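Note: hydrogens, waters and symmetry copies are ignored here, and every other heavy atom, side chains too, is used. Model, not experiment: these values are computed from the prediction.
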Amino acid sequence: MAAFIAIYYSVAKAGMSLALPIPPSNVTPVWLPSPIAWTALLWFGYRFVPAVWLADFIVSSPGYYEASQSWPTAIAVGSIIAVGATLEATVGNLLLRRLIGKGYPFGRANDTFKFVLIALLSAACNSLIGVTTLCLFRISNWADFDSVWLTWWIGNAITLVILMPMLLAWRRIVQFRPRPQQFTEIGLFFLTLFGIGKLAFGFGFPVEYLLIPCLIWAAFRFGQIGATTGIVLVTGVAIWGTVQGRGSFIRDDLNESLLLLQTFMGAIAVTTLMMMAVLEERRQSKRELELANEQLALQVQERTHVLNALQLANEQLQVEVTERKQTEETLRQSEAQLRDQTQRLEETLLDLTQTQTQLIQTEKLSSLGQLLAGVAHEINNPINFIAGNLMHVQDYTANLLQFAELCLQQETQASNMIQAEAEAIELDFLAEDMPKMLDSMKMGTERIQQIVLSLRNFSRVDGGAMQVVDIHEGIDSTLLILQHRLKANSERPAIRVVKQYSNLPTVECFIGQLNQVFMNILANSIDALDHNPGEQTNQPTITITTERLQNGHVLIRLADNGPGMSEECLTKLFDAFYTTKPMGKGTGLGLSISHQIVTEKHGGSITCVSELGNGAEFRIELPVLHASRQSIKAA
């Protein structure tokens, strides 16, 4: 940063040597620090922003003191103008990085045009801040605002357009490697350039236009380094000659003369830069074309080798044709290998089929395990109830038998003893409680019968033929089997089941397979409500709705108010082996098998509607009559 500040200060003093006689006498048509600041930020990053401000403040403050004879005013003006210079470099770099990138900005015509526009806009903002500050502090007159602003703006912008390309080009010096015989041409180029400059700005001959062919020469022969260096040298000679009062741009006003010169040099510089960019694009296209040609040549060479190999193979084949026995043996061996491969493929297919069957059986066993757990839970309570009451029935029965025996043994004193014994065994209570106990045992046995009947309905064997059944019975049987999972636990309250049944006709279906579908969907809903209890704001609820459609179908909707599913999950929901459950909790085949049962076995459809936080709803649509039965009915 110290080296940067020193360079900034040195080139600023050099530019101030061309300052115009306009207050504060330090507004110069050539401001060399601008490209230095831009290049520093472009190379080293925005950590150099404070150094840019400090360097510009050190350079400009003494001049403003000489103009105002007040150090506070000089410090204030220098600080604000330094902010303008810093903003110019910072905003320019931001735009360059955003619109062009971190690469070389003069490799394409489009990027070069963007650079020129960015330089003009950034310099305009800097000059506006600087001249406004000078006028506000009365260092410069408002009457001179236009001329001072124009000089400031054009000086910064043209210096950026002329000098910055050379700085960036010379950083890529490794790409410029002239051949020994080219040094003579380089010397001739610089002699021609200085000769025309001397004629135009030393002796006053109007031959400035001859500089354009020289710069075109440099662009074609010496690349970007030669062209940008030539622009800078021509600009230096032209400014020196114009300041000395020579050349075609001399006017009575030195400021006007320099502005005309800057306009001319800016046009030459922009034209040369655009030509350089076009040439660079052409060279890049040529390099890409050469690379493509090399790749094509390699491909042609490879294909030639392949063709030669094919020709050699053809010769060998002709030799083999003459050897018929060897050929027939080879064919037999190939046929044997083909048979072996076919056999291995058949074995592989058989293994895959068996694996698929095992996976499906695993899913069925998983459902059966849930079924047995529910059955064990539901049967255990009535059995315990009956067993507990049977012990009391035995005691009561023994007491009654003892009482009856006593009545038979005691004939004379029967009345008193019977009365005492009846009071001892609480005959009245026995007579009242015995019917209740028998009724309880009857209810328990009926409960067992109901559970067994539901189990039979759920696991009904279809036997390869469809049956005409009531869909509601299958749903109720599944709910009864899952009753133990619907009860409250330590994590959540009891799950409420809302049934909204319509008057449905009987449906021709494989009821056992449909019960498996109901079991899979309801079990998944219970799992969702179990594993996300904290996300429930209301009571966990499963809603079952049925309705008859106009197209001869019935619709079953199974909905829950669980956490719902994402869009990504919905797209994979019916894929085999896809599951969101933890390892060991699910095989990922339940919904896949359910989809197969509904669509392939019954000709219906199953869909799911869900979004995160709003639960999920499965919609099952089934035809009342199977397709074959519908065609017979239509006939």
How many angstroms lie between atom [atom1] of [X] and atom [atom2] of [Y], to the nearest 0.5 angstrom?
X: Asp340; Y: Glu335; atom1: CG; atom2: CD; result: 11.0 Å
X: Leu298; Y: Asn293; atom1: CG; atom2: CG; result: 11.0 Å
X: Gln341; Y: Thr348; atom1: CD; atom2: OG1; result: 11.0 Å
X: Glu567; Y: Ser610; atom1: CD; atom2: OG; result: 9.5 Å
X: Arg344; Y: Glu346; atom1: CZ; atom2: CD; result: 11.5 Å
X: Gln316; Y: Gln311; atom1: CD; atom2: CD; result: 12.5 Å

Side chains of [X] and [Y]: does their closest heavy-atom pair fall under 4.5 Å?
X: Glu617; Y: Leu558; value: no
X: Ile556; Y: Thr545; value: no
X: Ile495; Y: Ile526; value: yes
X: Leu625; Y: Val507; value: no
X: Arg496; Y: Ile542; value: no
X: Leu317; Y: Val319; value: no
X: Ile471; Y: Phe518; value: yes
X: Leu555; Y: Ile620; value: no

How close do [X] and [Y] get, counting heavy atoms only, and between which atoms?
X: Arg492; Y: Leu486; result: NH1-O, 3.9 Å
X: Val554; Y: Pro505; result: CG1-CD, 4.3 Å
X: Ala488; Y: Ala494; result: CB-N, 3.4 Å
X: Gly474; Y: Asn515; result: CA-OD1, 3.2 Å
X: Gly564; Y: Leu612; result: O-CD2, 4.1 Å
X: Met466; Y: His602; result: CE-CD2, 4.2 Å

Quiz prompt | Sequence neighbours excluded - ring-ring contact (aromatic ring centres under 6.0 Å, His included) pairs with any residue from residues 485-506 | solution =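 Found His472-Tyr501.
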With distance as the sole test, does [X] use its side chain to make a donor-acceptor pair with the main-chain N or O of [Y] at under 3.5 Å?
X: Asn314; Y: Leu310; answer: no
X: Asn561; Y: Thr541; answer: yes
X: Ser502; Y: Thr546; answer: yes
X: Ser592; Y: Asp575; answer: no
X: Thr599; Y: Ser605; answer: no
X: His305; Y: Arg303; answer: no

Exercise. For Phe115, check ring-ring contact (aromatic ring centres under 6.0 Å, His included) against everything at least two apart and list the hits.
Key: Phe106
Practice problem: Take Ile597 and Ile606 through the side chain to side chain contact (heavy atoms under 4.5 Å, CB included) test and state the conclusion after the steps. | Solution: CA-CA 10 Å; Ile597 290 173; Ile606 178 172; over 6 Å; no
Quiz item: Checking side-chain contact (heavy atoms from CB on, under 4.5 Å) against Leu95, which of Leu121, Thr90, Leu117, Ile118 comes through?
Solution: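 It is Ile118, the one option of Leu121, Thr90, Leu117, Ile118 that forms the side-chain contact (heavy atoms from CB on, under 4.5 Å) with Leu95.
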Quiz item: Can you tell me if NZ on Lys601 sees more than 12 non-hydrogen neighbours from other groups inside 6.0 Å?
Solution: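 For Lys601, atom NZ is not crowded (no more than 12 foreign heavy atoms under 6.0 Å).
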Quiz prompt | Heavy atoms from other residues, nucleotides or ligands near CD of Glu288 exceed 12 (cutoff 6.0 Å) | solution =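 Enclosed: over 12 neighbouring heavy atoms sit under 6.0 Å from CD of Glu288.
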Quiz prompt | Lys/Arg-Asp/Glu bridge criterion (N-O < 4.0 Å) met for Arg619, Glu621 | solution =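 Not counted as a salt bridge, because no side-chain N and carboxylate O are separated by less than 4.0 Å.
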Quiz prompt | Pairing of Arg332 and Glu329 as salt bridge, 4.0 angstrom limit | solution = yes
Quiz item: Going by distance alone, is a donor N or O of one side chain under 3.5 Å from an acceptor N or O of the other, for Glu611 and Asn614?
Solution: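 Glu611 vs Asn614: donor-acceptor pair found between side chains.
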Quiz item: Are a donor atom and an acceptor atom from the side chains of Asp470 and Thr506 found within less than 3.5 Å of each other?
Solution: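 Side-chain D/A pair, Asp470 to Thr506: absent.
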Quiz item: For Gln299, what residues pass the side-chain hydrogen bond (donor to acceptor under 3.5 Å, both in side chains) criterion, not counting sequence neighbours?
Solution: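 Applying side-chain hydrogen bond (donor to acceptor under 3.5 Å, both in side chains) to Gln299 gives none.
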Exercise. With side chain to side chain contact (heavy atoms under 4.5 Å, CB included) as the test, would you mind laying out the steps for Cys608 and Leu570 before giving the verdict?
Key: CA-CA 7 Å; Cys608 179; Leu570 285 176; 3.8 Å; yes
Quiz item: Stepwise, does the side chain to side chain contact (heavy atoms under 4.5 Å, CB included) test hold for Thr543 with Gln500?
Solution: CA-CA 7 Å; Thr543 304; Gln500 298 176 351; 4.1 Å; yes
Quiz item: Step by step, would you call Val497 with Leu479 a side chain to side chain contact (heavy atoms under 4.5 Å, CB included)?
Solution: CA-CA 9 Å; Val497 178; Leu479 287 173; 4.0 Å; yes
